[in-house]
Structure formats: structure tokens, C-alpha cells
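Everything below concerns the one structure shown next.
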Amino acid sequence: MSNVSGRRATIIDVAKRAGVSKSTVARVLGGSPKISEEARERVLEAVKFTGYEPNQLAAGTRSGRSGLLAIVIPDVANPFWAEVARGAQDRAAVEDISLLIFSSDWDAEKEATHLRSLRRARVDGAIINPVADSFDDLGRFGLPFVLIGSSAERFPDTSSVGSDIAQAVRLGMGVLTERGHAAPALLLGPRSRLARARFLRAVHEHCVERDFDPALLPMEEAEYTVEGGREGMTRLLARKGPGHLAVFAANDLMALGAMMAVREAGLRCPEDVSILGFDGIPAGAFSWPGLTTIEKPGRLIGVRAVECLLDEVAGRPEHGRVYMPCRLIERGSLADLSVPTPIRVAAGR
């Protein structure tokens with residue numbers, strides 16, 4: 001219930017309503033055990049009646065903690081990063097901690113501005129996906145932090161959480177091989193991004209183990225967006241020879257754009273072109289056909305990153321790199337060429 005005067009309730013209002021001193025209210029809200037149950041119940045009832053909310057900034061000044069964490073992700077519009085942020089937010093809420101969410105939009109200057117804001121806001125710590133894979137200002141950040149994303153692997157002595165990209169790509173390549181697509185085309189991200197190098201390294205290892213030259217795989221480079229995937233797929237289709245084409249896209253947005261390009265070319269998925277995605281965003285379930293993809297555990301990455309950050313804030317040992325395994329989600333965009341097509345025999349008269 002709000003204060004009848006329309007102003008924000010204070011600790012004095014709570015004390016008057018409960019018939020106790022301000023210090024008693026403060027001890028109850030601080031979780032002190034040296035308070036009678038009867039007084040505790042009166043204070044909590046008064047807090048509920050007045051709608052009093054403690055001043056977290058003032059409490060943080062006394063305790064040295066603000067009760068705020070932050071996460072800086074590269075693209076809040078990308079459903080994968082939104083899932084990471086949601087997982088972090090949910091885990092922080094369990095600890096009654098608020099999470100500030102910033103999007104750098106893959107802009108290093110914007111990221112630097114966000115980090116300066118976090119220092120001024122006195123957050124207790126931050127989860128950061130370094131932009132452009134060149135986040136070299138770690139020593140001067142001045143706050144506990146945990147890194148996420150592929151670029152975090154550049155800092156092996158820093159706590160970080162991310163998908164096991166090697167496991168995920170090898171899983172995808174293995175599925176393609178099992179389904180009869182031994183030489184799939186690759187839709188890759190820009191050369192400036194470390195995620196591309198991680199993806200290609202795992203593809204190379206898969207091919208070498210099978211005595212196959214990875215240089216024979218058709219490749220196209222594009223942005224990690226729907227339009228990027230559409231443009232890259234259009235170029236792949238222009239080079240397409242006879243027979244079935246399989247494509248492994250470096251993220252689901254690119255895969256969905258590739259499916260658009262296939263339709264625009266008058267072809268069908270998966271009858272003419274098979275497409276495998278990488279991320280596991282919800283939109284893949286609503287495409288037609290549904291997108292078969294390797295799912296990265298976005299929400300769990302956010303949860304684990306907050307847990308690691310809370311340990312960092314508390315001064316517990318660093319975790320190093322935490323790798324989260326990925327899994328295959330089967331839908332309808334990947335044809336199985338390993339199964340012979342049944343021979344149709346006309347029925348006799």
C-alpha cells in the first residue's frame with residue numbers, strides 16, 4: 001500500500017507504524033537475529049502497509065555493495081544474446097540482485113562508454129562479451145568481472161563462460177556426415193571475428209580426422225544476420241552444381257536468411273538444399289520447414305556467468321574457462337541422403 005501523502009515512504013514511517021525505533025527497523029531489514037519475533041512481524045507488516053523500499057544506494061555505501069550487477073552483450077536484438085541476458089537476470093533475481101543490461105551493438109566505442117557508466121554506477125561486478133575480439137583493457141576495468149563469448153578464450157587466466165564451440169561444430173559436422181553430406185558448404189561470419197576462427201578450426205579437425213581436405217568445402221562470408229545469410233546463400237546458389245547442396249550456417253539468423261534465398265531461387269528445403277543452423281534460437285521452430293540446428297545453451301550461460309561473477313565479487317578463486325556443451329535439435333531442414341530413395345514400381349493390372 002502506498003503512503004497516503006503520495007510521497008515515498010521512509011524508515012521513519014515504518015518505525016511509527018510498527019511502534020519501534022528506526023534502529024529496530026534497520027536491524028530487521030538487515031536480517032539481524034537479535035530481534036524478537038513479535039517486533040519482526042510488526043516491522044514487516046509496517047513495511048508492507050507503507051510500501052517502504054530500502055535505499056539500495058545508501059545501503060551499498062554502508063556495506064560496500066550496491067546490490068547491482070551488469071551484463072554487456074553485443075546485440076540485444078539477437079535472440080541468442082537475449083536468452084543469455086534472461087538467464088543472467090533470472091539467476092541474479094534469486095539472490096535479490098538487480099541486473100543492468102547494456103547492448104554494445106558490436107561497437108567498441110559504445111562498449112567503452114558502457115564500461116565507464118558501470119564504474120560510475122558502482123555496480124558490484126559485470127559480465128562482458130568483449131566487442132571485436134579485442135578487449136585488452138582488463139587490468140584497468142577496476143571491478144570484478146566475468147567474460148562470455150568466443151573472444152573470452154583469449155584470456156585463459158580470466159573467469160569466463162561460453163559454449164563449447166569445438167564440441168558443437170564437430171557435432172554438427174558429424175550429423176551432416178551421417179546424413180550423407182560429407183562436403184557441406186559453410187556460411188561463415190566476418191574474418192574480424194574470433195568466432196569464425198573457432199568454427200573453422202573445429203571443421204578442419206573434423207575433416208582431417210576423416211582424411212578429407214577441408215579446402216574443398218565451399219565457403220561464403222557474411223554478417224551474422226538474416227540478410228547476411230540471405231546474401232551469402234545467394235552467392236552459394238550461384239556456384240551450385242548439379243545435385244543436392246548442404247549448408248552449415250554459423251548462426252541461426254544466417255540459416256533463416258539462407259532458407260529465404262532458397263525459396264527465392266525457386267528451390268525447396270530440404271528436397272534441393274539442406275540447411276543446418278547454429279545457436280538454437282526460438283525462431284527456428286517457426287520457420288518452414290523447421291530449422292535443424294545445434295543449440296547453444298544461451299540461458300544456462302547467463303545463469304553460470306552470474307554464479308561465477310558472484311564468486312568473483314566474494315573474492316573466491318577464479319574459475320578459468322567454463323565450457324557449456326551444446327546439443328542437436330532435429331526439425332525438418334536437413335535431408336537424410338544416407339537412406340536410399342525407394343524405387344517406385346507401378347502396380348500391375
Side-chain angles (χ1 to χ4, degrees), residues 1-73 82-102 114 117-128 141-146 148 159 161 297-319 322:
M1 182 176 180
S2 61
N3 189 281
V4 292
S5 69
R7 63 179 175 80
R8 180 173 178 173
T10 68
I11 195 170
I12 296 175
D13 298 319
V14 176
K16 286 181 178 179
R17 177 74 187 178
V20 299
S21 66
K22 290 192 299 179
S23 60
T24 297
V25 174
R27 287 197 295 272
V28 170
L29 298 180
S32 173
K34 299 179 180 180
I35 300 292
S36 69
E37 281 304 312
E38 186 266 340
R40 188 185 309 279
E41 289 177 5
R42 291 212 314 269
V43 168
L44 294 178
E45 180 61 33
V47 168
K48 182 178 180 181
F49 179 85
T50 61
Y52 172 70
E53 295 180 351
N55 187 324
Q56 293 295 334
L57 183 58
T61 301
R62 294 189 295 270
S63 68
R65 302 279 177 81
S66 66
L68 295 173
L69 298 177
I71 183 169
V72 183
I73 54 178
E83 280 289 291
V84 173
R86 177 58 187 273
Q89 178 179 273
D90 289 349
R91 183 63 183 85
V94 172
E95 305 296 332
D96 198 25
I97 292 173
S98 296
L99 183 75
L100 306 178
I101 301 173
F102 295 81
H114 291 330
S117 297
L118 296 184
R119 286 192 289 267
R120 290 195 296 267
R122 298 171 56 87
V123 298
D124 294 329
I127 299 164
I128 307 165
F141 183 50
L143 293 171
F145 63 90
V146 169
I148 53 177
S159 292
V161 181
R299 192 167 296 201
L300 289 178
I301 289 172
V303 169
R304 190 73 181 95
V306 167
E307 292 172 347
C308 290
L309 181 57
L310 291 174
D311 283 346
E312 293 291 323
V313 171
R316 289 189 278 268
E318 295 178 345
H319 302 82
V322 177

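Small disclaimer: the values here were computed from a predicted structure and weren't measured. Along the sequence shown, the residues carry numbers beginning at 1.
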Listed partners of [X] passing side chain to side chain contact (heavy atoms under 4.5 Å, CB included), at least two apart:
{"X": "Glu45", "answer": "none"}
{"X": "Arg42", "answer": "Ala18, Val20, Glu38"}
{"X": "Ser98", "answer": "Leu68"}
{"X": "Leu300", "answer": "Pro297, Met324"}

field: Ion pair Arg86/Asp90, N-O distance below 4.0 Å
entry: yes

Please name the pair of heavy atoms, one in [X] and one in [Y], separated by the smallest distance, quoted to 0.1 Å.
{"X": "Leu309", "Y": "Pro144", "answer": "CD1-O, 3.7 Å"}
{"X": "Lys22", "Y": "Ile12", "answer": "CD-CG1, 3.6 Å"}
{"X": "Ala85", "Y": "Leu99", "answer": "O-CD2, 4.0 Å"}
{"X": "Val303", "Y": "Gly87", "answer": "CG2-O, 3.4 Å"}
{"X": "Ile128", "Y": "Phe145", "answer": "CD1-CB, 4.2 Å"}
{"X": "Thr50", "Y": "Asp13", "answer": "CG2-O, 4.3 Å"}

- prompt: For Glu41, which residues count as a side chain to side chain donor-acceptor pair (under 3.5 Å) partner, sequence neighbours excluded?
  reply: none

- request: For Glu312, check side chain to side chain donor-acceptor pair (under 3.5 Å) against everything at least two apart and list the hits.
  value: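 Result, side chain to side chain donor-acceptor pair (under 3.5 Å) vs Glu312: Ser159.
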
Can you tell me how far the [atom1] atom of [X] sits from the [atom2] atom of [Y], to the nearest 0.5 Å?
{"X": "Ile101", "Y": "Ile127", "atom1": "CD1", "atom2": "CD1", "value": "10.0 Å"}
{"X": "Phe102", "Y": "Ile71", "atom1": "CZ", "atom2": "CD1", "value": "11.5 Å"}
{"X": "Gln89", "Y": "Leu100", "atom1": "CD", "atom2": "CG", "value": "10.5 Å"}
{"X": "Arg40", "Y": "Thr24", "atom1": "CZ", "atom2": "OG1", "value": "11.0 Å"}
{"X": "Arg17", "Y": "Lys48", "atom1": "CZ", "atom2": "NZ", "value": "12.0 Å"}

- prompt: When you measure from the side chain of Asp124 to the backbone N and O of Leu69, does any donor-acceptor pair fall under 3.5 Å?
  reply: no

field: Any Val28 side-chain heavy atom under 4.5 Å of Val47 side chain
entry: no

